[in-house]
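Numbering of ligands and ligand atoms starts at 1, following listing order.
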Amino acid sequence: MFNKVLIANRGEIALRIHRACRELGIATVAVHSTADADAMHVRMADESVCIGPPSATQSYLNMPALISACEITGAEAIHPGYGFLSENATFVQVVEDHGLAFIGPTAEHIRVMGDKIAAKDTMKALGVPCVPGSDGAVTTAEEAMDVAADIGFPVLVKASAGGGGRGMKVARTAAELPNAFASARSEARAAFGDDAVYLEKYLGAPRHIEIQVFGDGKGRAVHLGERDCSLQRRHQKVFEECPSPVLLEADRARIGATCAEAIAAMNYRGAGTIEFLWENGEFYFIEMNTRLQVEHPVTEAVWRVDLVKEQIRVAAGLPMSFDQATLRPEGHAIECRLNAERLPDFAPCPGEITAYHAPGGLGVRMDSAIYRGYRIPPYYDSLIGKLIVHAEDRPTAIARLRRALSEMIVDGIDTTLPLFDALTRDPDVEAGNYDIHWLEKWLAGAA
Ligand code: ADP
């Protein structure tokens, strides 16, 4: 096992990783920008290193500074968290070239899954169901028209290098296709320096259901069920639950086994998420995330595992501490993402927290790095905390969430807290009756 781990992140996830290290008896090194000198992850860590000015490009994305921080402190491994350098294959290569361990998958797996065309080809070959579409890249508008005629409108033009919903255009009719094709390409070229695009059938009202997988890098792998993350605003997840209110045990077992087999065949190492759209009882692969997800705690609650400790174990070459037969899900978990944003327009709202009280009690977990007197810097993501509840069943989890929300106090800044109380009282949410467009429609109606 490692003696010392460097945490290449900030905020709640840096604290989350620190906690796992502490319990494993591993010393931690926090890194921070000058804007984060007072951050909780810096206070909690055994050591800290300032790696640059506020801009993420010069600090949390600064590879030479991170490697130097390891060399100065003697850290043997780097946990990247999510975002920043977590899915950067070059970074993994640099880390390993310096004789350090990367707590995550190999550079090659990150590279393949970061290229959506290659990812889809790989998954298709491994028997994972995909959205009908073009066979690889589409290079001309004429070719796009042929593919669309084949799969039927509406279609979606997607950037192979895409992320964050960029480089993605819908064409509802043949007349819209040339434009959608050209603008997806130019957006992709501008955003990612790569204009490769492909075509997919556009699904009208799917749910977002993702499968948590975990591999030891040596051909053993398991699945840890699904998370339903259909409640989204602008492709950003807002409210996530495990299990999905719509999946039957047999569906879970079938798609879970398919994913675990694919991951085992790839010799995938560590935590990963295979994302699907789900419509009319069918799963359609859209992408794989080769990192820990923001919403991982709902899986941890129901499947009773510590995904971060497990990531560290396999990165250190130890065997996984669970197998499919010993994993037994129990109950229902829900996560709400608390953002420092002003409703109704979700405008970022940095500033000083003048009062903070976190909810507690049975089945309540609060992952956050805020404290009274903390000043949220304006430079980074607006996520300031995650409230996770777990209970024996979904109605009890919703009641517990409502209760926990009523205990929470965050003063001094605006947050998305009021949104969640309203959501837990909505009949559609109570019934689990929503698709990926539901929240935006609901927000438009509520505004
Ligand atoms: P990104 O990496 O840019 O987030 P994804 O492939 O994960 O791209 O897709 C982002 C979102 O776009 C999905 O969560 C879904 O809302 C929508 N989407 C993607 N593919 C399709 C599709 N074939 N049909 C309908 N919606 C889609």
Side-chain angles (χ1 to χ4, degrees), residues 82-83 86-88 110-124 128-138 144 147-148 150-172 176-177 180-181 183-185 187-212 226-240 244 272-280 282-291 293-295 337 381 434-443:
Y82 51 68
S86 60
E87 289 176 291
N88 187 313
I110 293 179
R111 194 172 294 120
V112 169
M113 292 304 155
D115 174 323
K116 294 193 180 190
I117 291 176
K120 212 171 155 176
D121 281 350
T122 306
M123 288 299 173
K124 209 187 284 175
V128 176
C130 296
V131 190
S134 59
D135 230 354
V138 169
V147 174
D150 231 34
I151 57 178
F153 285 94
V155 297
L156 195 58
V157 187
K158 294 174 83 168
S160 189
R166 280 176 304 172
M168 205 184 292
K169 298 286 168 204
V170 186
R172 299 195 177 274
E176 286 179 13
L177 187 56
F181 179 73
S183 67
R185 281 190 90 167
E187 201 172 298
R189 195 181 312 118
F192 313 108
D194 173 3
D195 66 0
V197 298
Y198 62 107
L199 245 65
E200 261 180 10
K201 174 105 191 126
Y202 179 76
L203 304 173
R207 295 178 77 107
H208 173 113
I209 298 183
E210 57 186 35
I211 306 294
Q212 175 72 55
E226 79 283 8
R227 293 180 289 262
D228 194 319
C229 314
S230 302
L231 290 178
Q232 303 183 357
R233 176 179 175 272
R234 301 199 176 159
H235 301 309
Q236 297 295 310
K237 298 162 188 168
V238 170
F239 175 107
E240 302 105 342
S244 167
T273 297
I274 306 187
E275 294 194 338
F276 293 94
L277 295 177
W278 182 89
E279 198 173 65
N280 301 324
E282 297 293 335
F283 285 92
Y284 301 97
F285 169 76
I286 49 171
E287 67 169 344
M288 175 166 180
N289 294 320
T290 50
R291 56 168 159 82
Q293 305 266 119
V294 175
E295 60 274 22
R337 296 196 191 191
D381 196 270
Y434 49 77
D435 61 34
I436 59 171
H437 305 297
W438 185 92
L439 181 61
E440 294 206 355
K441 286 185 202 148
W442 182 83
L443 287 166

Inset, instruction - Answer yes or no: is there an ion pair linking Arg227 with Glu240, defined by an N-O contact shorter than 4.0 Å? - result: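 Looking at Arg227 and Glu240, the cut-off is not met.
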Inset, instruction - Mind telling me whether Tyr202 and His437 have parallel, tilted or perpendicular rings, with 30° and 60° as the class edges? - result: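 Because their plane-to-plane angle lies in the 30° to 60° range, the rings of His437 and Tyr202 count as tilted.
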Inset, instruction - Classify the angle between the aromatic ring planes of Trp438 and Trp442 as parallel (below 30°), tilted (30 to 60°) or perpendicular (above 60°). - result: parallel
Inset, instruction - Would you check ligand 1 and list the protein residues that come within less than 4.0 Å of it by any heavy atom, ordered by chain and number? - result: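 Residues Lys116, Val131, Leu156, Lys158, Gly162, Gly163, Gly164, Gly165, Met168, Glu200, Lys201, Tyr202, Leu203, His208, Gln232, His235, Glu275, Leu277, Ile286, Glu287, Ile436 each place a heavy atom under 4.0 Å from ligand 1, listed by chain and number.
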Inset, instruction - Mark yes or no for whether Glu279, through its side chain, and Leu203, through its backbone, hold a donor-acceptor pair below 3.5 Å. - result: no
Donor-acceptor pairs are to be reported for all side-chain atoms of residues 151-169 against protein atoms at under 3.5 Å, with residues two or more places apart or in another chain.
residue : atom : partner : partner atom : Å
Lys158  : NZ   : Glu200  : OE1          : 3.1
Ser160  : OG   : Asp115  : OD1          : 2.7
Ser160  : OG   : Ile117  : N            : 3.2
Lys169  : NZ   : Glu187  : OE1          : 3.0

Inset, instruction - Report yes or no: do Arg234 and Gln232 form a side-chain donor-acceptor pair below 3.5 Å? - result: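 There is no such pair between these side chains.
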